Amino acid sequence: MADLTFETFITKLRKSIRTSYQQVGDTMIAGSIDNMEKYKYLLGQAHAYQLIDQEISNLLNPKEQKNDTERDTNIIRFGENNSKD
């Protein structure tokens, strides 16, 4: 069994998720769904695949957060003297 790096694993996982998502879409578009229960099931699968792919993306590319000083300027603290005399 070959060594699997983290990057290779993530790439293969995302490809598999996207392929599965595409297959669900293709099934829905083809019109082979004969009842609402199957439609809702496939729609749920599609949403799950999208959510998983987005979460992986968010973990790999976290949004840049502001430093503590910038965040504190937008905070109102109750019970403290906030007036500027």
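Computed from a predicted structure; not experimentally measured.
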Quiz prompt | Phe6 reachable from Ile52 in the ILVMFWY side-chain graph, under 4.5 Å edges | solution = yes
Quiz item: Given the rule that I, L, V, M, F, W and Y join up when any side-chain heavy atoms are under 4.5 Å apart, are Met36 and Leu43 in one cluster?
Solution: yes
Quiz prompt | Non-hydrogen side-chain atoms of Thr8 and Thr5 separated by less than 4.5 Å | solution = yes
Quiz item: Any side-chain heavy-atom pair from Leu60 and Arg14 closer than 4.5 angstrom?
Solution: yes
Self-check item: Asp26: salt bridge (Lys or Arg N to Asp or Glu O under 4.0 Å) partners, not counting sequence neighbours
Solution: none
Quiz item: What's the shortest heavy-atom distance between Val24 and Ala46, and which atoms?
Solution: CG1-CB, 4.0 Å
Self-check item: Shortest non-hydrogen contact from Tyr49 toward Ile17
Solution: O-CG2, 3.5 Å
Let me confirm one number: the [atom1]-[atom2] distance from [X] to [Y], rounded to the nearest 0.5 Å.
X: Ile56; Y: Ile10; atom1: CD1; atom2: CD1; value: 5.5 Å
X: Gln23; Y: Gln45; atom1: CD; atom2: CD; value: 10.0 Å
X: Leu42; Y: Ile33; atom1: CG; atom2: CD1; value: 4.5 Å

Practice problem: Please check if the side chain of Ser20 supplies one atom and the backbone of Ser16 the other of a donor-acceptor pair under 3.5 Å. | Solution: yes
Quiz item: Would Tyr41 and Glu37 satisfy side-chain hydrogen bond (donor to acceptor under 3.5 Å, both in side chains), going step by step from the backbone distance to the final call?
Solution: CA-CA 6 Å; Tyr41 175 76; Glu37 185 176 312; over 6 Å; no
